[in-house]
Each structure stands twice: as C-alpha cells, then as structure tokens.
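Structure record follows, encoded as structure tokens.
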Amino acid sequence: MTSNNGNALGVIFANTYDNLVPELVTERSMASIPFGGRYRMIDFVLSNMANAGVDNISIIVRRNYHSLMDHLGSGREWDLTRKRGGLNIVPPFADRGVKLYAGRVDALDSILSWLEAQKEQYVILSDAFTAMNFDFAKLVATHAASGADVTMVYNRGEIPEGARNDNYTIKIDNGRVVELLSNDYRPGVHNLSLNIYVIERESLIQLVRDAAVRGMIYFERDILARNLSLLNVQAYEFEGYVSRITDMKSYFDENMRLLEDGSMEQLFDSGNPIYTKIRDDNPTRYLDGSAVKNSVVADGCVIEGVVENCVLFRGCQVKPGSVVKNSVLMQDTVVESGCDVEYVVTDKNVHITQDKKLTGTDTFPVFVAKGHTV
Amino acid sequence: MAKEMIAMILAGGRGSRLYALTDKLAKPAVPFGGKYRIIDFPLSNCVNSDIDTVGILTQYQPLLLNEYIGNGQPWDLDRLYGGVHVLQPYEQASGSDWYKGTANAIYQNIGFIDRYDPKYVIILSGDQICKQDYADFLRFHKEKNAEFSVAVMEVPWSEAPRFGLMVTDENDRISEFQEKPKNPKSNLASMGIYIFNWDVLKKYLTEDEADPTSDNDFGKNVIPALLRDNRRMFAYRFDGYWKDVGTISSLWQANMEVLDPNNSGINLFDENWKIYSRNSGQPCQKIGSDATIVNSMITEGCKINGTVKHSILFPGVVVEKGATVDGAVVMGGTVIKAGATVTHCIVAENVTIEEGATVGKMPEGGMNIEEPGEVATVGSGVKIGKGATVTANAMIREDVKDGEVQ
C-alpha cells in the first residue's frame, strides 16, 4: 500500500459512555450527539481518520443507532463511499435473539471474520465521546516506529466529574504504560486515556480470540491492564484541544468553551477539515433588531432578537424581543418573541412559545428534550 | 429508455461586463447570495422540477466550473443514466471548432442529446438568478401543443426597447419577435429560456448550421426561422423573480435584494424550493464580543468582530475588530483587517484589505438598491495596502500599495 492510505483500518465504538448522558441519548447514541453548531460527535473521529487516509472503517453500534445511520448515509460526506473499504456499520447480530455486545472484546469478537479478511497492517480503535482534531497518520507512524504492541492515546487533565465511574488513567515510565487503572478517583491531574488504541491487526485478532474464550469482555481491564508486563503498551500524549463529553454539564461547558478566543481555531483550523452531513441551509440572516455577541452560529438561522454567549445549531430562529444568553440551541429550535432564555440546552426541534422565561444556572443548565414545546 | 425532457444550460459566456470578477472564472461560476454560485440556480431549478439530465455548455475558463460541478452530487445529479455533464468543444473527425453561437453550441452536442432520446429539450441560461418551476413551463408547452415555447416576463413599456420582445395573440401564440426595437409592440421580454420539441429543434439546428451566413444564434437566427415557417410558438408568462446579473451593478443589486426577500421576491429561504450548492466544509461562523451586525447574511467559516451592515458575506470572511463593512458583497476567504472600511462594493474571493484601508464609498443620500450608482469592485486574490483608498467607481485587478489611491 502507498502512503496515501494510513495502512490502518478504523474501528469506532458508537455507543461507549451512552450511560453518562441519558438525556441526550434517549433517541440516539453518543456518536450522534450534536456538537459545536453543526456536527455530531462521530464527525470528529471519522474526519480525522479520513484526513489521515484511513478509508476502511467499521462502526460498531449497539442500540439507538437510527439517528447515526441517518447521519452517516453512505459515508459520502467523509469521502468514505468507497468500492474498496469505505464505511461498514455493524449492528448487533440477530442470532436466536439479538445478541448485544457487553464490552469491546465482545464487539470485536463479532467482527473477527471481517478483521481477518482485511489487508491493512494496523487497526485503530476509537470511541466517539471526544471532539478533537487529531492526526491519526502521525499516531500510526509513531506506533510503527516504536515497535510497541499497542499504543494508547491520552491527555493530561483532571478526571471529569461525570467520568468518576468511567475512566482509565495510566502511569507511564519512559514512554511505556506501567499501570492502567479503571475508574481512578484521586484528585489532581492525571494521564487520562482518550480511548484510542493502535495495534497490529493480526495481534488484535489473537488477543480478542484468547480473551473471548476466557469469557473476558473488557479490552482495557481484561486485556491491557493484566498484561502490561508482557505487552509493550506505549503512551502517546495528545496536547491539542480536547472536548470530552462525560455528562450534561460537560456537554454544556464544552459547547460554551468554543466561544473562548482561539477555541474554534484549535479545533477546526489545522488544515484538516471536519466534515459533516450537509443540510443545504441558507446563510444565516441577521435581521433588524438582532444583536448577536460572542456566539457560534450555524447556517440557516434567522435572528431577530438578542443572542449572547450561545451556540446556535442549524436552522434556529430567535424572534424579535427575545433574549437568549449562555445557551445551546440544537437544530431547528424556535424561540418565539418576548422570551427570556438563559443557561438552557434545547434538543432538536424544540419550540419555546411567546413570552416564556426559562432560566438555569451555569452549573445546572435547563434541558428541554427533543421536539418538546415550552 | 427515453427521457421526457433534458436541460441544456448555456454557460459559455465570458461575462466581460463583470470585468475583474470573470478574469479567472466563467460567469456561471461567479459567487452569489452568500454561499451559491450563479449556476446553482438553473441546476437546482432542474432537480426541483424533476429534470435529472443536464448538459452545461462552456468554453471560457472552465477549470473552476468543472471542479465545482464535479460529479453533480451536491445537486443530486450524480445518476447512472443522466446526471450533469460539462460539455466543452472538442475535436471531431470533421475538424474542431469553438462554440460559434448559442445554437451552434447545442448543434455540436446533438449526439449528447440523442443519447437520451428526449421528447423535449429545455434551453437555459447560466447567467440568471431565477427560481422557476420548469415542470409548470412544460405543462404549458404540452397544453398549447407547442413546438417552441419561450418564458417571458412583463417589463415596463419604457424599458421594453432593451429586450427581445414577443408579440403574441390572445392565446399567447407568438406572431412576431422584435429584438431591442425602437417602437415595441409588446412588453413581453424573452428570458432566454426555451422549450423545444427535440425533433423540431434538431431540424432547425441542422438547417441553421448549413447556412454559412448565419450567426448560429437562437435569438437572431433560429427563432426567426421558426416564425418564418409559421411553427406553433407560444409565450409562457413568468411572474417570479428573474434577474440577469451580467453587470457589476445588477450583480450587486441582486445580492442586496436577497437581504430583503419580502420586497424583492427572491426568497432563498424556501424549504420547498431549495437552492443547492457545493458545501465549503467550514465550521460555524464565530461572532465576537465586539461585533455589531445589522440586516446582513453571514455564512460558515466567517469570523466577525467588527461592524457589518446591509452586507452579504461568503464562507470564511474575516472582519476584524474596528473594521466596518456596509452595503458590500464580500466573497469567500477575504480578510478585512482592523480599521478598514468596505462600503458599497463587491470584493471578490481571497482578497486582503489591510488595516485602515478604504474601499468604495456610500453614494450621496445613502444606499439605493433600485438605483445603485457606483459600485467599487476588487478582483480576486488582490491585496489592498494599509491606509490605501479604492474609489467609488474603481475596478481593481492588481494589488494597491500602502497609502495609494486607486
């Protein structure tokens, strides 16, 4: 293979950490949670892979994957409508009752025959709960050069509140992972796993097969953590911009963080675009009476009111006399006239009728579920 | 399998009256309305009218247009049988030739049309901004049992001498065609949009080609020939928005009309008649803490921290703090630095306007969309130096140095 192809295939787990954001996944998966005005979480990892020449990608879905399927279509927007490789969506297999994956090993076990049939030397495993602009080509090259069995990606940070019971931290000695802890509780800054791994395809198949026969289900806990003395697991630090979605508050905070100077540039201006499903919206109209400050706004909006410190997704409307501050309005949210909306997250197609006052706090934003009318 | 109707878009025009804007690209590829190019309008009208086979005839600076059209996917025109095709002049066994005229362009592509064996062919223009349902036009053509139909607009009698006019009877049947007459007998102006029965068109194209004195032009030659032979020719009245954006002031005007859909009639916000375009792939627009935006349209990738009034900004435009943009059409990737003033003008793609520069000037008595007056124009990729001045009627094709007045 030429270097056009990262010589790696991708496996993305779409439902990891669904449990952390129950409000947002009632009708979708972590991977299809809207983020940053016009994206879904999976757009980041998918675009990063596509930009690195990784064009053979399996997406493992577990439940509530209709919205994700709708979003991905044939994968065209990510240039993944390929005759060779492309996008491969793997729902649970119905075999005398639908079998749901319990953990990563279980899920990988179900695609073993596909993994065996591929030609790429490496496999990249990734979740879809982070938004970042990440260079997978560099990761694979570093992994190949190091001779490691596995390379895992982490960044430095405190354990997010919402991830108290769902995190992996690592202790590193001279680049090698010497300890991998599940659900670390200690305060302070840690090496927090970003749940991205590179491994040779052949070794992954072997490890999964060995683990599966022993009834093990967790890749990190059952395979990596137990075998750190046998497996050379290298740590790879990502120092760039990372948004982790670990609960409703972090969802709100990470959208709000995009408003800070430099955030948009760090996440989007690396020369590697983030692709998403195209909606063919018009440009956004700022009509007389609008006053917009410090906001991230998608196309298709019509703004006639006051908008400050907000993230507006595609097709939102803010009618005259309304004031929306410190809020995240997902696509096609309509705020009728005379409303006062602050610290609110609205899901898709929410309708806030005239003269309503809706106020949360910065630590506890009000959430309005998909399609609801206030 | 035969297609009922296919579309041929005449997009060969250089658009010389757009000067600096069409130095490097064909007129149909000129950006319009914040995130579109002119060609998006006929293409979107086609798909919205269920026409799935489109030929685009072009011969001037085709690179960008070719790249933009690609496989036609953004307009849903990537089809197994049909779809959109860019048709350039090519060498044939009998020799090669540029497209000599509008009729000759179609004549040279008879082979393309015959592949689809259509009953009707609609001829469209690639340099108009118009939302039109061609299916309704075809229904009219069939009802009249016509061999040729032309879409016409009623224009004020005072302006009629500027147009090609169709004189009709009470059944809309055309009895006479007047090209820019001094004494108009009709105020029904041809929009340059025709439906032909393909067998009739093919016959007349072949005859026209055989005539060495012909200009090979629809208006000058083909339509008069049909009239001479007393063919069944009808005028289809269209009363929606239609604008030929062939000049700088009409292009500026049409953009400004987009900002005022209630009065102008060009509503790009119509969910039932979407205009499709190739997406820029840029993130959301970022409106900064120091931004003031009044009655404007802004799209993906823009970063606004200055003042923007009555303007249309295309993808990736940057307006720095302290800069003012008023009554301007600013195309993709242009950067307007701190303290610069950009007024009543069209600025093409990837222009840099340095700090404190002044581009264009608001006319005395303020902005008037009906009578635009002078509209300054800056060509693509140009740099306007610090403190430089671009005057109200300037046409800038090359860099303007710091402090210079052009």
Side-chain angles (χ1 to χ4, degrees), chain A residues 35-39 43 47 74 76-79 81 133 255 258-265 267-269 272-304 307-315 317 332, chain B residues 32-36 40 44 47 71 73-76 78 255 258-262 266-271 274-305 308-318 332:
Chain A
F35 183 77
R38 63 192 292 265
Y39 302 94
D43 292 337
S47 302
S74 63
R76 177 153 51 203
E77 266 92 4
W78 302 266
D79 203 19
T81 308
N133 206 312
N255 272 293
L258 291 173
L259 304 178
E260 293 171 15
D261 278 345
S263 291
M264 291 290 283
E265 286 78 4
L267 192 51
F268 296 105
D269 284 1
N272 293 316
I274 304 299
Y275 305 101
T276 189
K277 184 179 177 182
I278 302 302
R279 249 179 56 143
D280 292 295
D281 286 284
N282 319 75
T284 280
R285 280 196 298 178
Y286 298 82
L287 300 183
D288 286 340
S290 75
V292 182
K293 303 267 185 212
N294 196 39
S295 292
V296 164
V297 183
D299 270 5
C301 296
V302 183
I303 305 174
E304 299 173 82
V307 174
E308 273 176 40
N309 307 322
C310 289
V311 175
L312 265 51
F313 284 68
R314 293 183 280 201
Q317 296 181 32
D332 298 321
Chain B
F32 178 83
K35 63 187 294 193
Y36 309 97
D40 289 332
S44 301
V47 283
N71 69 348
Q73 183 270 325
W75 304 270
D76 213 8
D78 50 332
N255 271 288
V258 168
L259 289 176
D260 186 14
N262 295 335
I266 179 80
N267 179 12
L268 296 183
F269 282 72
D270 185 353
E271 278 296 306
K274 263 196 178 181
I275 304 301
Y276 300 97
S277 65
R278 191 171 284 280
N279 194 269
S280 72
Q282 300 196 44
C284 291
Q285 49 198 288
K286 171 74 196 291
I287 310 301
S289 305
D290 296 305
T292 303
I293 303 173
V294 180
N295 188 28
S296 293
M297 262 172 62
I298 301 178
T299 188
E300 288 156 353
C302 288
K303 288 175 185 157
I304 312 299
N305 217 5
V308 179
K309 292 189 229 171
H310 312 292
S311 293
I312 294 201
L313 272 47
F314 288 66
V317 169
V318 177

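Every chain is numbered from 1, with letters handed out A, B, ... down the list of sequences.
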Locate the shortest heavy-atom distance separating B:C284 from A:G36; write the atom from each residue and the value. SG-O, 3.5 Å
Can you tell me which of A:F313, A:Y275, A:Y39 forms the most heavy-atom pairs within a distance under 4.5 Å of chain B? A:Y39
Between the CD1 atom in B:I304 and the NZ atom in A:K293, the distance rounded to the nearest 0.5 Å is 12.5 Å
Interface residue of largest heavy-atom contact number with chain A, from B:P315, B:G34, B:P283, under 4.5 Å: B:P283
Under 4.5 Å from any heavy atom of chain B - which part of A:I278: side chain
Check B:G33 against A:P283 and note the closest heavy-atom contact, atom names and distance. O-CG, 3.6 Å
Most chain A-contacting option - heavy-atom pairs closer than 4.5 Å, from B:I287, B:T299, B:N295, B:I312: B:I287
Nearest 0.5 Å, please: how far is CG in B:N279 from OG1 in A:T276? 9.0 Å
Please check if atom NZ in B:K274 has more than 12 non-hydrogen atoms from other residues, nucleotides or ligands closer than 6.0 Å. yes
Distance col, row B:N305:CG vs A:N294:CG, nearest 0.5 angstrom, shows 9.0 Å
Taking only residues two or more places apart in sequence or in another chain, which ones pass side chain to side chain contact (heavy atoms under 4.5 Å, CB included) with A:S74? A:R76, A:T81
Side chain, backbone, both or neither: which part of A:V302 has an atom under 4.5 Å from a heavy atom of chain B? side chain
Check whether B:Y36 gets within reach of chain A through its side chain, its backbone, both or neither, counting any heavy atom under 4.5 Å. side chain
Engaged part of B:N267 at the chain A interface, taking heavy atoms whose separation is under 4.5 Å: neither
For the CG atom of A:N282 and the OG atom of B:S277, what is their distance to the nearest 0.5 Å? 9.5 Å
Say whether, by atom type as modelled, one donor and one acceptor occur between the side chain of B:K35 and the main chain of A:D280 under 3.5 angstrom. no
Value rounded to 0.5 Å, distance of NZ in B:K303 from CE in A:M264: 7.5 Å
Flag the one option from A:V297, A:L312, A:L259 with the top tally of heavy-atom pairs under 4.5 Å to chain B. A:V297
Given side chains that start at C-beta, do those of A:R285 and B:L259 come closer than 4.5 Å, heavy atoms only? no
Once salt bridge (Lys or Arg N to Asp or Glu O under 4.0 Å) is applied, what residue pairs with a partner in residues 282-301 of chain B remain, sequence neighbours excluded? A:R38-B:E300, B:D290-B:K321
Rounded to the nearest 0.5 Å, what separation is found between the CD atom of B:Q282 and the CG atom of A:D269? 8.5 Å
Look at atom CG of A:D261 and say whether more than 12 heavy atoms of other residues, nucleotides or ligands are closer to it than 6.0 Å. no
Measure distances from A:A298 to the heavy atoms of chain B and classify the residue's part below 4.5 Å as side chain, backbone, both or neither. both
